[in-house]
Amino acid sequence: MSKWFCLKKNSNDASASTSTTSTMVSSSLVHDLDKLNLTEERLKRYADEANALSFNSTLINKSESLLKFEAKFLREKAISKTLNNIELSMKVDLCFVLDCSGSMKPHIAAAKDCILQVSNYIKHTNPNIKLRVGFCGYRDHTNGSNHLQIFDFNDQHDQFTQYMQDVLPISNNDHPEDVLGGLDAAITKMDWQNNTRVLLHIGDYPPHGRRFSNLKDNYPDGDPNGLTAENVLEKMQSKNILYFFGKITNETDKMIKIFRDIIGEFPVFDLVGGDPIKLIEKFIKATSSSITHAVSLTSTLGSNSKELLYSLQRKKLDMNPNEPDWNTLSLQKGVVMWYRIPNTLDKIKDPNYFTKSNLSSKSFNFKIASQPFSAGVEKYAYFACDVKRLPTKEMVIKEYLHDGKQNNPFEKYLEAVEISTVAYFLSEEFNYFARKKKIPKINFLKVKLLRNGTIDLCTRYYTVEPRLKDAEYKRFNANTGVITELRPTLEAFVHFTYEYTEGYLVVCDLQGIELNNEFLLTDPAIHCVDPLRFGRTNFGENGIKQLFLANHKCNDICKNLKLNHIGDIA
């Protein structure tokens with residue numbers, strides 16, 4: 001540890017005061033804990049997640065030392081493959097598909113003016129991302145040779161800007177446009193090459209056909225060339241192209257719903273016109289967000305990105321974003337467990353600290369929504385409430401998506417609580433210095449493991465945490481090194497965790513809400529030099545080097561905290 005950190009007084013007293021008194025728990029929970037060989041179960045899962053050995057393989061009968069050796073080998077092999085996928089995902093094809101009818105003049109100008117600013121922003125925040133840009137403009141069938149305009153992908157962004165000078169709006173005598181023809185041309189006539197493929201579609205009116213609107217329409221029976229939303233969007237999916245939409249009017253609402261019924265959930269950006277400067281700013285934000293969102297997805301999902309991505313998009317259609325009527329839901333009973341907060345760095349580094357002996361527990365009465373309100377790559381999230389609190393405390397219960405092999409592993413949920421506990425400890429250490437420097441605080445939610453046997457009459461495990469409200473939930477950076485919403489305080493925190501732990505780990509994948517002078521975060525990931533800790537989102541020592549040290553740019557908060565310049569320690 002650097003001398004700078006040795007100047008710090010023991011600020012862990014507050015953390016150490018956390019209650020560790022366990023209440024009486026059910027005999028079945030005691031049985032679960034007694035029969036759990038945490039190390040063995042985790043090593044088997046790590047081997048299984050590496051997709052190299054089945055859960056029922058001969059690993060079961062091997063000694064712990066041999067099991068650890070083989071699991072480490074498989075994990076490092078899997079990490080190497082993942083890092084290669086991440087590197088490939090940083091190469092991006094971005095295609096603007098733009099309605100170029102008469103009403104779109106300000107948006108054509110904004111697309112032209114934003115691309116160089118987007119390019120510079122990406123270079124500053126995510127230098128590993130390499131961007132090719134293309135354009136497909138569409139009008140209507142009656143426009144003859146001006147019907148479509150295509151500028152194929154190019155990494156010379158000034159050429160894109162120059163080309164856009166010649167893209168002019170042309171009016172028609174009905175409202176619907178050849179949306180499907182424009183999308184089809186972008187998908188089939190452009191030279192898509194890179195692993196991450198982004199199609200940002202911007203338009204104010206829907207395709208032809210009564211299916212999409214009741215507007216005046218020269219082609220009320222639909223596309224005269226036989227294109228349908230289904231066959232166009234299926235082509236798009238077959239090429240692993242990610243769809244984003246910039247909404248300008250409510251006339252496209254029905255189109256958005258139909259598209260979502262076909263391909264699942266996708267981001268929609270508000271691009272309503274008005275002030276030209278603000279419109280350009282909206283274009284820059286929408287374009288940058290599309291790029292970083294797509295890279296984050298493809299780098300996280302890896303080689304199975306197509307299947308997992310579209311599965312995730314479909315799952316999101318089944319989500320219910322509305323809070324339930326709690327009076328209609330039955331009371332559930334369970335037990336929550338948590339680790340005592342460590343009070344030294346040595347305990348953080350010691351995997352043996354996070355054992356059954358340092359678990360505390362208490363009974364927990366709650367209600368949970370019948371449908372999840374959100375789904376990520378790994379988990380479903382449900383609205384819940386702690387009914388013992390007065391007033392009732394709003395909570396979120398999360399469940400890992402089942403992979404068909406380990407249905408609801410106890411130790412995996414314990415690992416999630418361990419990750420949360422480590423992040424919480426490091427945020428408290430960061431906040432000790434942040435308060436002195438008037439830097440915004442970083443607080444992680446205290447996550448607990450929930451054991452329940454009443455939801456479906458089977459013993460199941462979940463994580464439970466306070467519900468984040470009163471601000472927009474954002475993902476600020478990903479464990480793949482992608483910065484999706486640049487916040488200097490958070491990037492300095494990642495740097496802090498690396499230096500504080502003497503290069504042992506970095507906390508990343510920071511997501512949550514931003515309040516006045518404070519961040520409330522949840523679901524972090526940890527890259528650690530020990531590949532047998534912190535789950536499959538830990539990309540090991542090489543992950544620290546390639547995804548943090550190679551990308552991080554020290555900012556004013558890093559300097560204010562007197563952190564070593566990253567170039568001096570990389």
Side-chain angles (χ1 to χ4, degrees), residues 88-89 91-101 104 108 111 115 130-156 159-160 163-164 166-167 170 172 176-203 205-209 211-212 219 221-246 252 255-256 258-264 266-267 287 290-291 294-295 297-298 305-307 309-310 313-314:
L88 291 173
S89 74
K91 297 178 180 179
V92 180
D93 287 339
L94 165 69
C95 178
F96 286 98
V97 177
L98 191 62
D99 181 346
C100 294
S101 57
M104 291 291 292
I108 296 170
I115 194 61
K130 308 303 177 187
L131 182 65
R132 295 197 313 158
V133 183
F135 172 81
C136 180
Y138 63 87
R139 298 181 180 90
D140 214 343
H141 302 282
T142 57
N143 294 127
S145 61
N146 293 317
H147 176 203
L148 296 173
Q149 280 186 262
I150 293 177
F151 174 81
D152 214 345
F153 294 109
N154 195 312
D155 60 4
Q156 303 302 309
Q159 292 184 21
F160 174 90
Y163 177 84
M164 292 297 294
D166 298 325
V167 177
I170 300 176
N172 297 292
E177 306 293 348
D178 186 21
V179 174
L180 299 180
L183 292 173
D184 189 68
I187 294 163
T188 62
K189 295 181 180 180
M190 297 185 67
D191 183 25
W192 298 90
Q193 293 182 2
N194 284 329
N195 271 37
T196 300
R197 301 174 176 187
V198 180
L199 190 157
L200 177 55
H201 173 204
I202 300 155
Y205 283 98
H208 289 289
R211 180 185 187 187
F212 295 99
Y219 303 94
D221 294 328
D223 183 84
N225 297 318
L227 293 175
T228 66
E230 283 78 6
N231 61 38
V232 169
L233 296 178
E234 284 168 8
K235 290 178 197 174
M236 184 187 72
Q237 287 187 321
S238 71
K239 288 196 171 184
N240 288 352
I241 299 169
L242 298 171
Y243 181 78
F244 299 80
F245 183 65
T252 55
M255 180 195 80
I256 292 170
I258 290 170
F259 282 15
R260 282 178 166 160
D261 286 343
I262 298 168
I263 62 174
F266 53 81
T287 306
S290 299
I291 295 166
V295 171
L297 275 175
T298 54
S305 59
K306 177 184 173 183
E307 292 77 11
L309 172 66
Y310 298 134
Q313 286 182 325
R314 296 296 304 174

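Quick note: numbers below take in every heavy atom, side chains included, and nothing from hydrogens, waters or symmetry partners.
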**Complete:** Shortest non-hydrogen pair, Asp152 vs Asp191, comes out as OD1-N, 3.0 Å
**Message:** Assess the residue pair Asn225 and His141 against the criterion (side chain to side chain contact (heavy atoms under 4.5 Å, CB included)); give the C-alpha distance rounded to whole Å, side-chain angles, the decisive distance to 0.1 Å, and a yes or no.
**Reply:** CA-CA 10 Å; Asn225 297 318; His141 302 282; 3.8 Å; yes
**Prompt:** Roughly how far apart are Phe135 CZ and Asn154 CG, rounded to 0.5 Å?
**Reply:** 14.5 Å
**Request:** Taking all heavy atoms of Asp99 and all of Tyr205, pick out the closest pair and write down the distance.
**Result:** OD2-N, 4.3 Å
**Request:** List the steps, then state whether side chain to side chain contact (heavy atoms under 4.5 Å, CB included) holds for Phe266 with Leu242.
**Result:** CA-CA 8 Å; Phe266 53 81; Leu242 298 171; over 6 Å; no
**Message:** Whether the side chain of Arg139 engages the backbone of Asn146 through a donor-acceptor N/O pair (distance < 3.5 Å, no angle test) should be reported.
**Reply:** yes
**Asked** How many angstroms lie between CD1 in Ile150 and SG in Cys136, if you round to the nearest 0.5 Å?
**Response** 4.5 Å
**Message:** Using every non-hydrogen atom in the two residues, find where Ile258 and Ala229 come nearest and quote the distance to one decimal.
**Reply:** CG2-CB, 4.5 Å
**Fill in**
So CD1 of Ile202 and CG of Leu199: to nearest 0.5 Å the spacing works out to 9.5 Å
**Request:** Supply the atom-to-atom distance Thr287 OG1 to Phe96 CZ, rounded to the nearest 0.5 angstrom.
**Result:** 3.5 Å
**Request:** Can you measure from CD1 (Ile263) to CG (Leu233) and round to the nearest 0.5 angstrom?
**Result:** 5.0 Å
**Message:** Using only atom types and a distance under 3.5 Å, with no angle test, would you say the side chain of Trp192 pairs donor to acceptor with the backbone of Phe153?
**Reply:** no
**Sub-4.5 Å side-chain heavy-atom contact between Asp178 and Asn143** = no
**Prompt:** Between Phe245 and Phe259, does the ring centre distance come in under 6.0 Å?
**Reply:** no
**Item:** For Pro176 against His208, the heavy-atom pair lying closest together
**Value:** O-CE1, 3.4 Å
**Request:** Without swapping roles, check the side chain of Asp93 against the backbone of Asn194 for a donor-acceptor pair under 3.5 Å.
**Result:** yes
**Request:** Evaluate the side-chain proximity of Phe151 to Val133: yes if any heavy-atom separation is below 4.5 Å, no if none is.
**Result:** no
**Asked** Roughly how far, to the nearest 0.5 Å, is CZ of Arg260 from CE of Met255?
**Response** 10.0 Å
**Asked** Do side-chain atoms of Ser89 reach the backbone of Thr196 as a donor and acceptor pair under 3.5 angstrom?
**Response** no
**Asked** Any donor and acceptor pair, going by atom type alone, linking the side chain of Asp140 with main-chain N or O of Thr142 inside 3.5 Å?
**Response** no
**Request:** Say whether, by atom type as modelled, one donor and one acceptor occur between the side chain of Lys239 and the main chain of Ile187 under 3.5 angstrom.
**Result:** yes
**Request:** In plain terms, say whether Lys130 and Asp155 are close enough for a salt bridge, that is, a side-chain N and a carboxylate O under 4.0 Å apart.
**Result:** no
**Asked** Is the shortest heavy-atom distance from the side chain of Val179 to the side chain of His201 under 4.5 Å?
**Response** yes
**Item:** Closest non-hydrogen atom pair, Asn231 against Gly226
**Value:** ND2-O, 3.7 Å
**Prompt:** Just wondering, do Met236 and Leu183 contact through their side chains at under 4.5 Å, heavy atoms?
**Reply:** no
**Request:** Flag the pair Leu180 / Asp184 as yes when at least one side-chain heavy-atom distance between them is below 4.5 Å, and no otherwise.
**Result:** no
**Minimum heavy-atom distance Gly182-Tyr138, with the two atoms named** = CA-CB, 3.7 Å
